[in-house]
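By convention in this document, chain letters (A, B, ...) are assigned in the order of the sequence lines, proteins followed by strands, and residues within each chain are numbered from 1.
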Protein chains: 2
Amino acid sequence: MLDFELLAKSPVFMGISAERLFEIMQQVHYQVKGFQKNELVVHAGDECNRLFIVLEGSVKGEMADYTGKTIKIEDIEAPRPLAAAFLFGKNNRFPVTVIANEQVSLLSISKPEFLKLLQQDSRILTNYLNSISSRAQFLSQRIKFLSFKTIRQKIAHYLLDLAGDRLAVVELPLSQAQLAEFFGVTRPSLARAMGELDHEGLIEVQRRSVRILDKQKMNELLKG
Amino acid sequence: MLDFELLAKSPVFMGISAERLFEIMQQVHYQVKGFQKNELVVHAGDECNRLFIVLEGSVKGEMADYTGKTIKIEDIEAPRPLAAAFLFGKNNRFPVTVIANEQVSLLSISKPEFLKLLQQDSRILTNYLNSISSRAQFLSQRIKFLSFKTIRQKIAHYLLDLAGDRLAVVELPLSQAQLAEFFGVTRPSLARAMGELDHEGLIEVQRRSVRILDKQKMNELLKG
DNA sequence: CGGAGTTTGTAACATTTGATACATCCCTAA
DNA sequence: TTAGGGATGTATCAAATGTTACAAACTCCG
């Protein structure tokens with residue numbers, strides 16, 4: 001039996017009461033599938049023609065590089081959907097291989113049936129649109145970030161963005177190692193670049209807290 | 001008067017007859033706005049709560065860097081929509097400033113009215129879903145590409161992708177300069193890297209045509 | 001055929017970053 | 001308090017890429 005209380009917490013069905021969700025779901029076909037730990041859920045490259053939502057447990061997305069070695073991309077826990085941005089679009093194939101982390105159950109709705117839901121309930125529609133739009137926006141931001149050439153530029157962009165209009169002291173929300181990974185650089189390189197900016201008087205670094213001293217010059221770094 | 005023949009060619013309304021489109025559009029509120037050459041259409045940061053579709057002429061998207069200098073991002077010509085991926089989502093604000101390249105007219109539909117269209121016609125719905133999903137997929141691919149560290153890896157990935165299962169001679173669809181820009185590297189660096197791969201016997205370069213000699217080693221380059 | 005403009009190949013040098021190693025600082029638990 | 005582990009700062013050297021400049025090849029016209 002489907003747990004509608006839980007399902008109503010999923011990003012796709014958020015804002016809909018469990019009662020209403022019960023009514024809605026009676027009008028479409030869906031399945032609930034169970035998987036054992038380490039069982040293959042979908043294989044990268046498979047056509048993505050059903051929406052999956054994790055109801056119980058968690059799954060992991062893995063991507064195979066060219067040599068066959070797999071690396072873990074992300075965990076998806078209940079009640080989140082799976083690859084929502086790949087149900088539609090030109091290349092509607094799973095970009096990753098999905099494997100059950102533990103005993104899981106998944107809600108599975110075919111694309112045509114899900115379309116019915118979208119047309120029937122405007123809340124589901126806006127939820128879904130918001131979800132894939134947010135993803136596109138996130139990716140767009142990420143690309144803008146990756147397009148900065150030097151580490152100094154990435155730091156400047158990151159700090160200015162973090163500081164916003166507020167006062168000039170920023171507390172870094174990530175450790176140096178995490179930040180380096182986010183920037184796509186090595187940790188010592190990041191530390192060096194921040195040290196240089198410190199010596200040059202643009203910022204003042206004290207472990208996790210950074211004071212922006214020369215906003216003007218920080219901006220100029222981004223000129224390119 | 002709206003040109004429904006043209007509008008039916010827009011990605012959002014593709015596959016719908018002009019007659020049907022005429023009927024549909026009678027049921028929602030919309031406006032057609034004209035702009036002079038160089039007139040400001042939307043300002044970066046403005047809330048994006050209407051869908052705009054270019055009906056006539058073309059507009060350009062510009063982005064201001066931190067110094068205030070603007071750089072052109074892209075041209076959008078009739079009958080394409082404007083920032084379709086920013087109507088919904090968490091940050092529904094225009095990422096770019098849009099300016100009319102010439103005398104243009106734009107179809108403008110408010111978000112609630114556009115939602116009506118999406119619910120009313122499944123073709124419009126799938127068109128729109130496909131559109132932003134494709135964008136997310138494109139961006140996702142782009143990020144994967146940008147995540148390759150070395151130029152050699154980018155070349156290997158690009159050539160293997162281009163070659164696919166076909167024969168081993170590939171004709172580059174881009175000039176070296178364009179390719180370098182796509183890779184985010186300088187042209188001489190790209191030429192050097194290709195020259196090295198040539199000397200090492202992995203490929204054979206003859207200006208725009210490239211023969212892949214050692215697919216095995218090319219794959220190994222991508223190991224990391 | 002010939003010359004101008006564009007694209008491509010190459011070279012020398014400067015800069016940036018990665019890799020590795022190690023010292024120092026901070027926090028926490030015994 | 002103190003030992004130990006993790007996070008951070010710094011140094012050194014190697015590798016990759018950018019910068020600049022120029023030569024060679026190709027293309028398009030006249």
Student: Return the value, rounded to whole Å, for the distance between atom CZ of A/Arg208 and atom P of D/dA7.
Tutor: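 So the two atoms are 9 Å apart, to the nearest Å.
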
Student: Just say parallel, tilted or perpendicular for the rings of A/Tyr128 and A/Phe88, cut-offs at 30° and 60°.
Tutor: perpendicular

Student: Can you tell me the distance, in whole Å, between the CD1 atom of A/Ile155 and the C1' atom of C/dT16?
Tutor: 13 Å

Student: Quick one about A/Asp75 and A/Ser58 (side-chain donor to acceptor, distance below 3.5 Å, no hydrogens or angles considered), yes or no?
Tutor: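 No, no side-chain donor-acceptor contact under 3.5 Å.
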
Student: Are A/Gln216 and A/Glu220 linked by a side-chain donor-acceptor pair shorter than 3.5 Å?
Tutor: yes

Student: Can a side-chain donor-acceptor contact be found between A/Ser189 and A/Thr186 if the only test is distance below 3.5 angstrom?
Tutor: yes

Student: Mind calculating the distance between CD (A/Glu181) and P (D/dA7) to the nearest angstrom?
Tutor: 13 Å

Student: Which protein N or O atoms sit under 3.5 Å from an N or O of nucleotides 14-21 of chain D?
Tutor:
from   : atom 1 : to       : atom 2 : distance (Å)
D/dT17 : OP1    : B/Ile151 : N      : 2.6
D/dG18 : OP2    : B/Thr186 : N      : 3.3
D/dG18 : OP2    : B/Thr186 : OG1    : 3.3
D/dG18 : OP2    : B/Ser189 : OG     : 2.8
D/dG18 : N7     : B/Arg192 : NH2    : 3.0
D/dG18 : O6     : B/Arg192 : NH1    : 3.1

Student: For the pair made of CE in A/Met194 and P in C/dT17, what is the distance, rounded to whole Å?
Tutor: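 Between P of C/dT17 and CE of A/Met194: 14 Å.
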
Student: Take A/Glu200 and A/Arg152 through the test salt bridge (Lys or Arg N to Asp or Glu O under 4.0 Å) and record every step on the way to the result.
Tutor: CA-CA 12 Å; A/Glu200 292 167 25; A/Arg152 295 166 73 94; 2.7 Å; yes

Student: Would you call the rings of B/Phe145 and B/Tyr158 parallel, tilted or perpendicular if under 30° counts as parallel and over 60° as perpendicular?
Tutor: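 The rings of B/Phe145 and B/Tyr158 stand perpendicular, inter-plane angle above 60°.
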
Student: Once you round it to whole Å, what is the distance between C1' of C/dT7 and CG of B/Leu179?
Tutor: 13 Å

Student: What is the separation between atom CG on A/Leu197 and atom C1' on D/dG9, rounded to the nearest whole Å?
Tutor: 15 Å

Student: Is the distance from OP1 or OP2 of D/dA7 to the nearest side-chain N or O of A/Arg207 less than 4.0 Å?
Tutor: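 Negative; the distance criterion is not met.
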
